[in-house]
2 protein chains.
Amino acid sequence: MDLNRLDAVFAALADPTRRAILARLASGEAGVMELAKPFAMTQPAISKHLRVLERAGLISRGRDAQRRPCRIEARPLAEANEWLERYRQFWEGSFQRLDSLLDELQSPPPNPDPTSDKDQQP
Amino acid sequence: MDLNRLDAVFAALADPTRRAILARLASGEAGVMELAKPFAMTQPAISKHLRVLERAGLISRGRDAQRRPCRIEARPLAEANEWLERYRQFWEGSFQRLDSLLDELQSPPPNPDPTSDKDQQP
DNA sequence: CGGTTATATAACCTTTAGGTGATTGATGGA
DNA sequence: TCCATCAATCACCTAAAGGTTATATAACCG
């Protein structure tokens, strides 16, 4: 899992416009104009949002005449999901096995450099 | 699920320092100094990160003499997870039931106002 | 009281994010 | 060829993010 990309993925998901775009793309490809239509926002603004999504790997784009249809690429969502999974213990009922789970995850000492390409284990 | 909070949650998770702090807190409470220690960063910077995490609901803080121990609050992580779950279909193998799944999710027309408190369905 | 420790806050700086309007580029059709 | 359409890019603005140093606040301890 590319942990540097987690930054970009979570940052991309932090904007409601971009989440709505992903939601729209979940039901199939769409061009920029089509994606822009629901929003009180200009086309360049949408293009910027699409660039953010693309740099996060969350969408890819093809070519269909003048259109540049966008397609959802959910792999990064899976990576975000993997990251979150490590904390599932905290929101799912039984904290009983917490200690053994922590052992299992064998938390190493925290990383002194946040720019490093490796997250800590929970 | 508080969808406005999703903005804050994903934004909080977009920073590697904050993810590392959460990872540390997953193994138990810690004070600010203790959290700051692994990072090449001043204490006020860490305090700012903690405020971001707190506003996202990802941590809560107690009082122990001078210390303000931080505790992880994973509820928002569960909410982020719920949001991601809606896209699980895209990263898990069988796309065969995609159409019926989309029907099941009955996507409404996209939201014209991204500041609204409601996301679209995928 | 005075000093030490832990944390928060203020003022500031630089970079990035999210938006705008205007323009440019690519493609297809009359 | 000329024009319309879809989308990207440019120059610009404002606000927010992430860091700094210096200072203030709060609680304990001698």
Side-chain angles (χ1 to χ4, degrees), chain A residues 4-22 24-25 28-56 58-71 111-116, chain B residues 4-22 24-25 28-56 58-71 111-116:
Chain A
N4 287 344
R5 188 158 72 170
L6 266 189
D7 289 22
V9 172
F10 282 130
L13 297 182
D15 186 285
T17 299
R18 288 191 293 260
R19 288 200 306 275
I21 288 174
L22 286 180
R24 164 63 188 80
L25 291 178
E29 288 191 352
V32 176
M33 287 307 187
E34 188 181 350
L35 290 172
K37 205 162 193 183
F39 300 102
M41 206 176 295
T42 60
Q43 170 260 316
I46 298 295
S47 281
K48 278 195 182 182
H49 281 302
L50 292 175
R51 197 164 53 81
V52 172
L53 289 168
E54 190 173 27
R55 292 204 332 155
L58 284 162
I59 65 171
S60 62
R61 331 171 75 155
R63 165 71 79 175
D64 166 29
Q66 304 104 320
R67 294 175 60 249
R68 306 292 310 278
C70 300
R71 198 179 326 116
N111 192 331
D113 180 1
T115 67
S116 158
Chain B
N4 287 342
R5 188 159 73 171
L6 266 188
D7 289 22
V9 172
F10 282 130
L13 297 182
D15 186 284
T17 300
R18 288 192 291 260
R19 288 200 304 277
I21 287 175
L22 285 180
R24 166 61 189 81
L25 291 179
E29 288 192 350
V32 176
M33 286 308 187
E34 188 181 350
L35 290 171
K37 205 161 192 183
F39 300 102
M41 206 176 296
T42 59
Q43 169 261 315
I46 299 295
S47 281
K48 279 195 181 183
H49 282 302
L50 292 176
R51 198 163 53 82
V52 172
L53 289 168
E54 190 174 27
R55 293 204 331 154
L58 285 161
I59 65 170
S60 61
R61 332 173 74 154
R63 168 68 80 176
D64 166 30
Q66 304 103 322
R67 293 176 60 249
R68 305 293 311 277
C70 300
R71 199 178 326 118
N111 192 329
D113 180 1
T115 67
S116 156

*Asks:* Looking at D/dT20, C/dT20, C/dT7, which one has an atom nearest to any side-chain atom of B/Lys48?
*Replies:*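 Among the listed nucleotides, the one closest to the side chain of B/Lys48 is D/dT20.
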*Asks:* Just jot down the side chain to side chain donor-acceptor pair (under 3.5 Å) partners of B/Gln66, sequence neighbours excluded, or say none.
*Replies:*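 Per chain and number, B/Gln66 pairs via side chain to side chain donor-acceptor pair (under 3.5 Å) with no residue.
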*Asks:* A/Pro44 has a side chain; which of D/dG19, C/dT20, C/dT7 sits nearest to it?
*Replies:*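 Looking only at heavy atoms from C-beta outward on A/Pro44, the closest nucleotide is C/dT20.
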*Asks:* A/Ala14: what forms a side chain to side chain contact (heavy atoms under 4.5 Å, CB included) with it, not counting sequence neighbours?
*Replies:*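 Testing A/Ala14 for side chain to side chain contact (heavy atoms under 4.5 Å, CB included), a comparison that skips the adjacent residues, returns B/Phe10, B/Ala11.
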*Asks:* Side chains of residues 41-51 of chain B: which donor-acceptor partners sit under 3.5 Å, not counting sequence neighbours?
*Replies:*
residue	atom	partner	partner atom	Å
B/Gln43	NE2	B/Ser47	OG	3.1
B/His49	ND1	B/Arg18	NH1	3.1

*Asks:* Ignoring the backbone of B/Asp15, work out which of D/dT21, D/dG18, D/dA8 is nearest its side chain.
*Replies:*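 Of D/dT21, D/dG18, D/dA8, D/dG18 is nearest to the side chain of B/Asp15.
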*Asks:* From the set D/dA8, C/dG18, D/dT20, return the single nucleotide nearest to any side-chain atom of B/Ala45.
*Replies:*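 Closest nucleotide among those given: D/dT20.
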*Asks:* Starting at the 5' end of DNA chain C and moving along, which residue's nearest nucleotide shows up first, A/Gln43 or A/Arg18?
*Replies:*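 Going by which nucleotide is closer to the 5' end, it is A/Arg18.
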*Asks:* Could I get a table of every N or O pair under 3.5 Å where one atom is in the protein and the other is in nucleotides 1-3 of chain C?
*Replies:*
none

*Asks:* Which residues within residues 59-69 of chain A lie with some heavy atom under 4.0 Å of an atom in DNA chain D?
*Replies:*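 Hits under 4.0 Å, by residue number: A/Arg61, A/Gln66, A/Arg67, A/Arg68.
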*Asks:* Atom pairs under 3.5 Å, N or O on each side, protein against nucleotides 13-15 of chain C: can you list them with distances?
*Replies:*
none

*Asks:* For residues A/Arg63 and A/Arg68, determine if any side-chain heavy atom of one lies less than 4.5 Å from a side-chain heavy atom of the other.
*Replies:*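 With C-beta onward as the side chain, the pair touches.
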